[in-house]
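Taking it in order: structure first as structure tokens, then the write-up.
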There are 2 protein chains.
Amino acid sequence: MEEDIRIYIIEDDEVIMESLQFLIKEELGFRLTGGSVNAEDAILALKYVHSDVLLLDVSLPGMNGIEAIPLIKELQPDLNILMLTVHEDSDTVFSALRNGAIGYLLKGTPPNNLFKGIRDVLQGGAPISPSIARSIVETFRVENIPVLSQREMEVLIKLSDGNNNSQIAKELFVSANTIKAHIKSIYKKLHVHTRAAAIRKAMRKGLIK
Amino acid sequence: MEEDIRIYIIEDDEVIMESLQFLIKEELGFRLTGGSVNAEDAILALKYVHSDVLLLDVSLPGMNGIEAIPLIKELQPDLNILMLTVHEDSDTVFSALRNGAIGYLLKGTPPNNLFKGIRDVLQGGAPISPSIARSIVETFRVENIPVLSQREMEVLIKLSDGNNNSQIAKELFVSANTIKAHIKSIYKKLHVHTRAAAIRKAMRKGLIK
DNA sequence: GTTGTTATTACCTGAATGGGTAATTTTTCT
DNA sequence: AGAAAAATTACCCATTCAGGTAATAACAAC
């Protein structure tokens with residue numbers, strides 16, 4: 001009773017795009033959620049379409065795939081990004097990984113390897129050098145420590161003390177509406193939607209003790 | 001514009017009790033919130049009376065002062081407990097400190113020292129060996145790790161993931177009311193009143209990661 | 001065999017939260 | 001000087017939370 005793996009594709013080459021779409025549509029356990037021919041369009045679409053895996057071409061017209069990664073991660077932090085590349089150029093791959101991609105697939109790879117790579121990701125692996133690559137990735141990735149403004153930090157700390165919005169407002173001599181605004185902003189930066197989750201994430205990231 | 005320091009006394013010796021009550025009533029900046037002649041009565045009263053400092057006689061009829069400490073701490077975790085003792089018996093003092101008392105006052109102490117001792121506490125000190133005692137206390141105190149039941153832990157973890165009550169209810173196959181009950185119980189054990197504070201405390205205590 | 005803890009559910013109420021949108025002011029960076 | 005980011009406030013709305021009270025059942029401890 002597994003759910004389909006939802007896949008989104010960003011690829012400008014028509015032939016490759018159609019071939020990938022065809023393969024995914026036909027393969028059991030996979031579902032296509034959409035596709036774009038450039039990063040800019042994709043970023044607009046990805047605000048609304050949620051997927052498990054993104055196949056992202058490295059070379060795109062306009063913004064290239066690697067530049068797009070952090071922007072996409074902003075939208076969907078938990079989306080697993082796999083780069084699509086023609087040859088295994090280590091510089092390219094490394095900067096992709098450093099930016100937040102989880103692995104890469106070679107464009108010439110046979111369908112079965114492609115599917116295996118995608119399934120690997122969902123099981124916590126990283127395609128191509130399955131396990132080792134993953135640990136390298138973790139090491140190299142620049143720990144995306146969210147930057148909260150000074151004011152947001154003050155709010156966060158009081159939040160963690162168990163204060164509610166109006167209590168914080170009083171202590172900081174501003175209106176409760178302001179505190180709400182700050183908290184919304186904190187949620188956005190930490191990618192959470194509740195106070196409880198915000199505190200946990202903030203503690204894990206070392207923002208508060 | 002300082003607020004009065006609110007003091008509660010538990011002392012079975014009538015003479016000493018009256019003498020302390022008199023002193024506190026007369027002294028500027030101090031206010032008596034109540035008194036009991038034994039721990040059992042006090043525990044009932046302390047459910048309703050909030051104070052800053054509790055003067056607690058070591059030797060009491062029935063439950064002694066030291067045994068009473070953890071029970072009182074359950075009711076008012078932030079209450080500063082000062083033991084009243086006749087002689088500086090280190091065993092007694094140490095077990096009091098280990099149980100959660102913050103310091104001790106000798107019964108023969110002149111009024112001014114008494115007041116100073118109490119003021120010390122409110123300023124983060126610990127009477128008798130003002131600063132050093134404090135750090136010793138912290139070291140010796142058995143870290144009262146709250147014991148959450150298995151079910152409460154499950155709820156806590158899901159809470160920290162940012163789930164709300166009804167989401168947790170679904171995942172655990174019980175009603176949202178049940179989750180509410182568990183969360184209330186968690187709050188009681190952790191001495192908090194909000195989710196945010198619960199998460200922080202739980203993380204600090206190592207209950208969750 | 002009674003007492004205590006845990007788990008479960010329910011109902012009520014007022015307060016608080018999270019999300020959306022929008023606008024102004026101040027700071028900061030370029 | 002002009003653009004971008006941070007801080008401020010406001011209003012609306014539906015949902016959620018926190019606290020209080022209460023009751024039942026299962027199970028362990030004493």
Side-chain angles (χ1 to χ4, degrees), chain A residues 47-48 50 70-71 74-77 145-202 207, chain B residues 40 43 47-48 50 63 70-71 74-77 144-202 207:
Chain A
K47 284 184 185 173
Y48 309 104
H50 287 260
L71 302 177
E74 264 306 297
L75 298 176
Q76 292 189 43
I145 292 174
V147 182
L148 299 192
S149 73
Q150 221 178 316
R151 204 52 162 173
E152 286 161 353
M153 281 303 301
E154 296 181 71
V155 172
L156 180 66
I157 288 164
K158 296 201 180 292
L159 203 59
S160 76
D161 284 332
N163 293 297
N164 65 29
N165 294 356
S166 52
Q167 286 170 326
I168 299 173
K170 261 177 211 156
E171 294 186 34
L172 297 184
F173 307 105
V174 296
S175 89
N177 287 313
T178 305
I179 302 303
K180 270 189 85 162
H182 289 313
I183 291 178
K184 281 180 204 178
S185 166
I186 292 171
Y187 285 173
K188 195 165 284 175
K189 290 183 181 178
L190 299 187
H191 304 300
V192 297
H193 310 277
T194 72
R195 295 155 113 78
I199 297 305
R200 194 184 59 172
K201 204 145 198 178
L207 292 172
Chain B
E40 291 81 0
I43 287 167
K47 285 185 184 170
Y48 308 105
H50 287 261
M63 186 191 306
L71 304 177
E74 267 299 309
L75 299 176
Q76 292 189 44
N144 170 12
I145 293 174
V147 183
L148 299 192
S149 73
Q150 221 178 317
R151 204 55 161 172
E152 285 161 354
M153 282 303 301
E154 296 181 73
V155 172
L156 181 65
I157 288 164
K158 296 202 180 294
L159 203 59
S160 77
D161 285 331
N163 294 298
N164 66 30
N165 294 354
S166 51
Q167 287 169 326
I168 299 173
K170 259 177 214 158
E171 295 186 35
L172 297 184
F173 307 106
V174 296
S175 88
N177 287 312
T178 305
I179 303 302
K180 271 191 83 166
H182 288 314
I183 291 178
K184 281 181 206 178
S185 165
I186 292 170
Y187 285 173
K188 194 164 284 174
K189 291 183 181 177
L190 299 186
H191 304 300
V192 297
H193 311 278
T194 72
R195 297 165 170 247
I199 298 306
R200 192 185 60 172
K201 204 145 199 177
L207 291 173

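Note that this is a predicted model, so its numbers are computed, not measured. Chain A is the first sequence line, chain B the second, and so forth, proteins listed ahead of strands; every chain is numbered from 1. Keep in mind that the numbers below use all heavy atoms, side chains included, and drop hydrogens, waters and symmetry copies.
Rounding to whole angstrom units, NE2 of residue B/H191 and P of D/dG19 are separated by 14 Å. Between B/I168 atom CD1 and C/dT9 atom P the separation is 14 Å, expressed in whole Å. Protein atom CD1 of A/I183 is 16 Å distant from nucleotide atom P of C/dG20, rounded to whole Å. Residue A/N165 contributes atom CG, which lies 17 Å from atom P of D/dT16 at whole-angstrom precision. For the pair B/K158 NZ and D/dT16 P, the computed distance is 17 Å after rounding to whole Å. Atom CD in A/Q167 sits roughly 14 Å away from atom P in C/dA15 (whole-Å rounding). Between A/N163 atom CG and D/dA18 atom P there is a gap of 14 Å when expressed in whole angstrom units. Here C/dT17 presents its P atom at 12 Å from CD1 of A/I199, a figure rounded to the nearest Å.
The nearest pair of heavy atoms linking A/H182 to A/R151 is NE2-CG, 3.4 Å. Considering every non-hydrogen atom in both B/N163 and B/E171, the closest pair reads OD1-OE2, 3.8 Å. Contact detail for A/A197 and B/G162: the closest heavy-atom pair is CB-CA, 3.7 Å.
Between A/E152 and the options A/K184, A/K158, A/K188, A/K189, a salt bridge (Lys or Arg N to Asp or Glu O under 4.0 Å) holds for only A/K189.
Looking at heavy atoms from C-beta onward, A/I168 lies out of side-chain contact with A/E154 at the 4.5 angstrom threshold.
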Practice task
Would you sort out whether A/N165 and A/R195 count as a side chain to side chain donor-acceptor pair (under 3.5 Å), showing the intermediate values?
Solution key: CA-CA 11 Å; A/N165 294 356; A/R195 295 155 113 78; 2.7 Å; yes
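Here A/T194 lies in heavy-atom contact (under 4.0 Å) with sugar-phosphate atoms only.
Between B/R195 and D/dA18, a side-chain N or O to OP1/OP2 separation shorter than 4.0 Å is present. Side-chain N/O atoms of B/Y187 include one lying less than 4.0 angstrom from OP1 or OP2 on D/dA18.
Residue A/I199 holds its CD1 atom at 11.5 Å from CG of B/L159, rounded to the nearest 0.5 Å.
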Tabulated below should be each protein N or O lying under 3.5 Å from an N or O of nucleotides 5-13 of chain D; please produce it.
| residue | atom | partner | partner atom | Å |
| --- | --- | --- | --- | --- |
| D/dA7 | OP1 | A/S149 | OG | 3.3 |
| D/dA7 | OP1 | A/R151 | N | 3.3 |
| D/dA7 | OP2 | A/S149 | OG | 2.1 |
| D/dT8 | OP1 | A/R151 | NE | 3.3 |
| D/dT8 | OP1 | A/R151 | NH2 | 3.0 |
| D/dT8 | OP2 | A/R151 | NE | 2.8 |
| D/dT8 | OP2 | A/H182 | NE2 | 2.8 |
| D/dT9 | OP2 | A/S175 | N | 2.7 |
| D/dT9 | OP2 | A/T178 | OG1 | 2.4 |
| D/dT9 | O5' | A/T178 | OG1 | 3.3 |

